[in-house]
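Everything below concerns the one structure shown next.
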Amino acid sequence: MNKRSTFVERILNWHRNNRRNFPWRETSDPFAKLIAEILLQKTPAERVLPVFIKLNSKFPTPHELSKAGLSEVEDLVGALGLKKRAIYLLKSAKTIVDKFNGKVPDNLNDLLKLPGVGLYTASAVLCFAFNRDLPIVDSNIARILTRVFALNISSKRPQLDKSLWEFAAKLIPKGMGPRFNEALIDFAALICKSKPRCFKCPLLDICEYALKTKKQKNPIKNNEK
DNA sequence: TTCCAGATCC
DNA sequence: GGATCCGGAA
């Protein structure tokens with residue numbers, strides 16, 4: 001079995017016992033998932049949680065959110081920082097109502113027309129809301145892949161590197177895009193963090209980063225807690 | 001102080 | 001490619 005297959009299998013296996021539960025993962029509503037993805041941009045999921053619940057219960061549909069006042073949306077999401085997202089959320093809801101018949105677009109081209117929606121968010125919506133086997137590469141997933149496979153990405157932001165998206169695409173087991181991508185996100189959040197928790201990582205024997213660290217006699221710090 | 005499920009404008 | 005947006009937790 002090659003390394004990539006081993007990686008995929010172990011990530012999926014790890015995820016069976018370590019999946020995080022969030023309300024945006026329970027619903028199949030594309031609009032709820034879109035809202036969640038926008039709130040999750042550069043924002044820890046634990047902090048998004050209460051805001052998402054309030055926003056989604058108060059404005060569950062594009063039509064209802066499109067009629068909200070900006071200050072009202074700002075009050076709800078402002079605590080998360082990156083306040084322009086309040087404007088983006090409102091404009092996106094309006095765009096969905098005006099141009100897409102009140103339904104979240106199910107194609108990349110139209111999703112990218114929504115303000116505040118870039119390649120990552122659009123791909124995440126297609127994957128998680130419309131069950132598409134598309135890669136999603138954020139800074140966290142980029143961190144996992146570059147560490148484990150010792151990928152040398154010159155870009156200061158590997159998550160924007162096209163070759164990394166292609167690499168991620170090849171890893172996805174057919175028909176398992178949502179599960180695999182969710183597993184990567186959780187693995188990055190719980191194990192392969194910026195300060196990695198290598199002591200509880202199931203990839204130690206195949207991870208180039210861990211192997212290199214070991215070779216340097218530079219014991220991996222456990223950073224417990 | 002750094003870091004965080006990015007996007008936008010320059 | 002770089003700067004900026006952003007508050008709050010570690």
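To find a chain, count down the sequence lines: A is the first, B the second, and so on, and within it residues start at 1.
- Remark: C1' of B:dC3 and CD of A:Gln159 are 13 Å apart, rounded to the nearest angstrom.
- The distance between atom CG of A:Leu108 and atom P of B:dA7, rounded to the nearest whole Å, is 11 Å.
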Check nucleotides 7-9 of chain C for protein N or O atoms closer than 3.5 Å to its own N or O atoms and list the pairs.
{"from": "C:dG7", "atom 1": "O3'", "to": "A:Ala79", "atom 2": "O", "distance (Å)": "3.4"}
{"from": "C:dG7", "atom 1": "N2", "to": "A:Arg47", "atom 2": "NH1", "distance (Å)": "2.8"}
{"from": "C:dG8", "atom 1": "O4'", "to": "A:Arg47", "atom 2": "NH2", "distance (Å)": "3.3"}

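- There is no side-chain donor-acceptor pair under 3.5 Å between A:Asn13 and A:Arg10.
- Here A:Arg143 lies in heavy-atom contact (under 4.0 Å) with sugar-phosphate atoms only.
- Screening residues 156-178 of chain A for salt bridge (charged side-chain N to carboxylate O under 4.0 Å, His left out) gives no qualifying pairs among residues at least two apart or on separate chains.
- Closest non-hydrogen pair, A:Tyr88 versus A:Pro115, comes out as CB-O, 3.4 Å.
- Atom NZ in A:Lys193 sits about 10 Å away from atom P in C:dA10, given to the nearest Å.
- Side chain of A:Arg85 to main chain of A:Gln41: a donor-acceptor pair is present (N/O by atom type, distance under 3.5 Å, no hydrogens or angles).
- Using a 4.0 Å heavy-atom criterion, one finds that A:Ser139 contacts the sugar-phosphate atoms exclusively.
- The shortest heavy-atom contact between A:Ala45 and A:Trp24 is O-CH2, 3.8 Å.
- Between C:dG8 and B:dA7, the two P atoms lie 23 Å apart (nearest whole Å).
- Distance A:Leu39 CG to C:dC6 C1': 14 Å, rounded to the nearest Å.
- Judged purely by distance below 3.5 Å, without hydrogens or angles, the side chains of A:Asn107 and A:Asn109 never pair a donor atom with an acceptor atom.
- Annotation: A:Arg179, atom CZ; neighbour count of heavy atoms from other residues, nucleotides and ligands within 6.0 Å does not exceed 12.
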What protein N or O atoms touch nucleotides 8-10 of chain B N or O atoms at under 3.5 angstrom, if any, and at what distances?
{"from": "B:dT8", "atom 1": "OP1", "to": "A:Gly116", "atom 2": "N", "distance (Å)": "2.6"}

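- For A:Ala122 and A:Ser194, each mapped to the nucleotide of DNA chain B holding its nearest heavy atom, the one lying further toward the 5' end belongs to A:Ser194.
- As rounded to whole Å, 13 Å separates atom P of B:dC4 from atom CZ of A:Arg20.
- Heavy-atom neighbours of A:Lys3 NZ from other residues, nucleotides or ligands within 6.0 Å: above the threshold of 12.
- Across the protein-nucleic acid pair, A:Arg85 atom CZ and B:dG6 atom P stand 9 Å apart, rounded to whole Å.
- The separation between A:Ile87 atom CD1 and B:dG6 atom P is 20 Å, rounded to whole Å.
- Note that the OG1 atom of A:Thr43 and the CG atom of A:Leu49 stand 13.0 Å from one another [nearest 0.5 Å].
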